[in-house]
Undergrad: 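The structure follows.
When a residue number appears, it is its place in the shown sequence, counting from 1.
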Amino acid sequence: MQRFVYINDESCRDSYRDNRVSNTKYTLWNFLPKNLLEQFRRFMNQYFLLIACLQLWPTITPVSPATTWGPLAIIFIVSASKEAWDDYNRYLSDKKVNERRIWVVKDGIRRQIKAREIHVGNIVWLHENDEIPCDLVLIGTSDPQGICYVETAALDGETDLKTRIIPSICADLSSEQLGKIKGVVECPNPDNDIRRFDANMRLFPPIIDNEKCPLTINNTLLQSCYLRYTEWACGVAIYTGNETKSGMSRGTAKPKLTAADSMIDILTVAIFVFQIAVVLLLGLAGNIWKDSHGRKLWYLMYPAERPWYDFLVIPLRFELLCSIMIPISIKVTLDLAKGVYAKFIDCDDQMFDPETNTPAHSANY
């Protein structure tokens, strides 16, 4: 599938999405069900829910269900609050990116707009050290040879500057002509391959004849990179918002699972398997004793007619007795400890970078 990007043409405005970036996981409407679904994917939470449900059966528990449901509700409220805070930080980060002021050129007139208002087909004008707001096809630079330098460390981790060149079809255009050109870029649909870009460009008269020019990744400026050692550069927006190569690589935010969380889940499963073995053994022994001796003891008040679930009562009672092997407070303790450690990192003076005046920041989101 191909996408046709018409340069300096409003017809692209409604065909493709704008440059709004969104990395949030939730909305106000789906937060509760989606967060509960994510929490119950963890075996530990499923185990605590099982124990809480067993506490609702008065035949097998001597204590109030509130003793389990109360702490369980606190666990989910604390976890949900932490997720909501992390997602709010994602929203603030996205808002900061979306509200940046960017120069665009329309029919030779240069003006500033917010980054989220950039549309496919707009000509974006960049200055030295600017962050590139979307994926662009480079069409002009301040360098007479038509080259510019970009820092791609945020995209691929490489600290060396990369050289980008304008297409041959734009080599003789002046800065005034760049703001007025019309044409079309025929490129692939969005993908996350940051090392490949196979497309072609045609410029319409009177700027140049209707000649087709091939494009490669060396003719592009990708989102999240920085323009370096070049007074100015301009390009045509071809991919915007979450459809950029950087946005396609990020994908959606996934539930965080640390090594400690994984280890505790594994240990929880192992303890639960051990509990089942103990419960089956003790439950079998208890049922045998009840049938052979317990029913003869009048003060135990066993009913004369046995219900169909009679054989489950003793094993489930043992399960509740063994449930203290996995303390219900462990999850809250872990989340609290991670939050406290994050604050220690943020306040660590030895992790402060004096060159950029940047303190350490443990980004949970």
Undergrad: Between K106 and E117, does at least one N-O distance fall below 4.0 Å, as a salt bridge requires?
TA: no
Undergrad: Which residues pass the salt bridge (charged side-chain N to carboxylate O under 4.0 Å, His left out) test with E243, not counting sequence neighbours?
TA: R3
Undergrad: Does some side-chain heavy atom of F48 sit less than 4.5 Å from a side-chain heavy atom of I51?
TA: no
Undergrad: Linking Ile, Leu, Val, Met, Phe, Trp and Tyr through side-chain heavy atoms less than 4.5 Å apart, which residues share a cluster with I165?
TA: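 Joined to I165, directly or through intermediates: I147, Y149, L161, Y229.
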Undergrad: Check salt bridge (charged side-chain N to carboxylate O under 4.0 Å, His left out) between D143 and all other residues, then give those that pass, not counting sequence neighbours.
TA: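 For D143, no residue satisfies salt bridge (charged side-chain N to carboxylate O under 4.0 Å, His left out) once neighbours in sequence are set aside.
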Undergrad: Which class fits the ring pair Y26 and F31: parallel under 30°, tilted 30 to 60°, perpendicular over 60°?
TA: perpendicular
Undergrad: In terms of hydrophobic clustering (I, L, V, M, F, W, Y; side-chain heavy atoms under 4.5 Å; direct or indirect links), are V185 and V124 co-clustered?
TA: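 The answer is no; the residues belong to distinct hydrophobic clusters.
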Undergrad: With rounding to the nearest 0.5 angstrom, report the CD1 to NE2 distance, I113 to H119.
TA: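 Interatomic distance, I113 CD1 to H119 NE2, rounded to 0.5 Å: 8.5 Å.
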Undergrad: Within a reach of under 6.0 Å around CZ of R101, are more than 12 heavy atoms found that belong to other residues, nucleotides or ligands?
TA: yes
Undergrad: Which residues satisfy the side chain to side chain contact (heavy atoms under 4.5 Å, CB included) test with A199, sequence neighbours excluded?
TA: C187, P188, F197, L215
Undergrad: Under the salt bridge (charged side-chain N to carboxylate O under 4.0 Å, His left out) rule, what pairs show up with a residue in residues 265-276, not counting sequence neighbours?
TA: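 Sorted result for residues 265-276: R42-D265.
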Undergrad: Throw together a table of side-chain donor-acceptor distances under 3.5 angstrom for residues 269-276, partners on residues two or more places apart or in other chains.
TA:
residue	atom	partner	partner atom	Å
Q275	OE1	Y47	OH	3.0
Q275	NE2	Y47	OH	3.0
Q275	NE2	C322	O	2.8

Undergrad: Who pairs with Y88 by side chain to side chain contact (heavy atoms under 4.5 Å, CB included), at least two apart in sequence or on another chain?
TA: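 Partners of Y88 under the side chain to side chain contact (heavy atoms under 4.5 Å, CB included) test: W85, Y91, L92.
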Undergrad: NZ of K34: more than 12 outside heavy atoms within 6.0 angstrom?
TA: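 Yes, enclosed.
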Undergrad: Roughly how far apart are E186 CD and K212 NZ, rounded to 0.5 Å?
TA: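 Those atoms lie 5.5 Å apart.
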Undergrad: Applying salt bridge (charged side-chain N to carboxylate O under 4.0 Å, His left out) as the test, list every pair that has at least one member in residues 214-232; sequence neighbours left out.
TA: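 Pairs touching residues 214-232 that pass the test: E151-R228.
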Undergrad: Does any non-hydrogen side-chain atom of I123 lie less than 4.5 Å from one of I7?
TA: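 When only atoms from C-beta onward are counted, I123 and I7 do touch, with a gap below 4.5 Å.
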Undergrad: How long is the span from the CG atom in N45 to the CD atom in Q39, to the nearest 0.5 Å?
TA: 5.5 Å
Undergrad: Using the side chain to side chain contact (heavy atoms under 4.5 Å, CB included) criterion, which residues pair with C347? Sequence neighbours excluded.
TA: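 For C347, no residue satisfies side chain to side chain contact (heavy atoms under 4.5 Å, CB included) once neighbours in sequence are set aside.
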Undergrad: Quick one: SG on C170 to CG on L178, what's the gap to the nearest 0.5 Å?
TA: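 Reported value, rounded in 0.5 Å steps: 7.0 Å.
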Undergrad: Does the T220 side chain pair with the main chain of I217, one donor and one acceptor, at a distance under 3.5 Å?
TA: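 Yes; judged by distance alone, with no hydrogens or angles, the pair exists.
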Undergrad: Rounded to the nearest 0.5 Å, what's the gap from CD1 on I181 to CE on M201? Could you check?
TA: 6.5 Å
Undergrad: Using 4.0 Å as the upper bound for N to carboxylate O, is an ion pair formed by D94 and R90?
TA: no
Undergrad: Can you tell if the side chain of I166 reaches within under 4.5 Å of the side chain of T141, non-hydrogen atoms only?
TA: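 When only atoms from C-beta onward are counted, T141 and I166 do touch, with a gap below 4.5 Å.
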Undergrad: Drop me the distance from L321's CG to L316's CG, to the nearest 0.5 angstrom.
TA: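 It comes to 11.0 Å.
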Undergrad: Side chains of R317 and V313: does their closest heavy-atom pair fall under 4.5 Å?
TA: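 Yes, their side chains come closer than 4.5 Å.
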Undergrad: Shared ILVMFWY cluster between I139 and W103, side chains joined below 4.5 angstrom?
TA: yes
Undergrad: Please give me the minimum heavy-atom distance between N219 and P167, naming the atom from each residue.
TA: ND2-N, 3.9 Å
Undergrad: Using salt bridge (charged side-chain N to carboxylate O under 4.0 Å, His left out) as the criterion, list what pairs up with R111, not counting sequence neighbours.
TA: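 Salt bridge (charged side-chain N to carboxylate O under 4.0 Å, His left out) list for R111, sorted by chain: empty.
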Undergrad: Closer than 3.5 angstrom, by distance alone: can the side chain of S174 be matched with the main-chain N or O of Q177 as a donor-acceptor pair?
TA: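 A pair under 3.5 Å: yes.
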Undergrad: Sort and list the pairs that fulfil ring-ring contact (aromatic ring centres under 6.0 Å, His included) and have at least one residue in residues 320-354, not counting sequence neighbours.
TA: none
Undergrad: State whether the number of non-hydrogen atoms from other residues, nucleotides or ligands found under 6.0 Å of Q145 atom CD is greater than 12.
TA: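 12 or below, so no.
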Undergrad: Return the set of residues passing ring pair (Phe, Tyr, Trp, His ring centres under 6.0 Å) with F4 (not counting sequence neighbours), or none when no residue passes.
TA: none
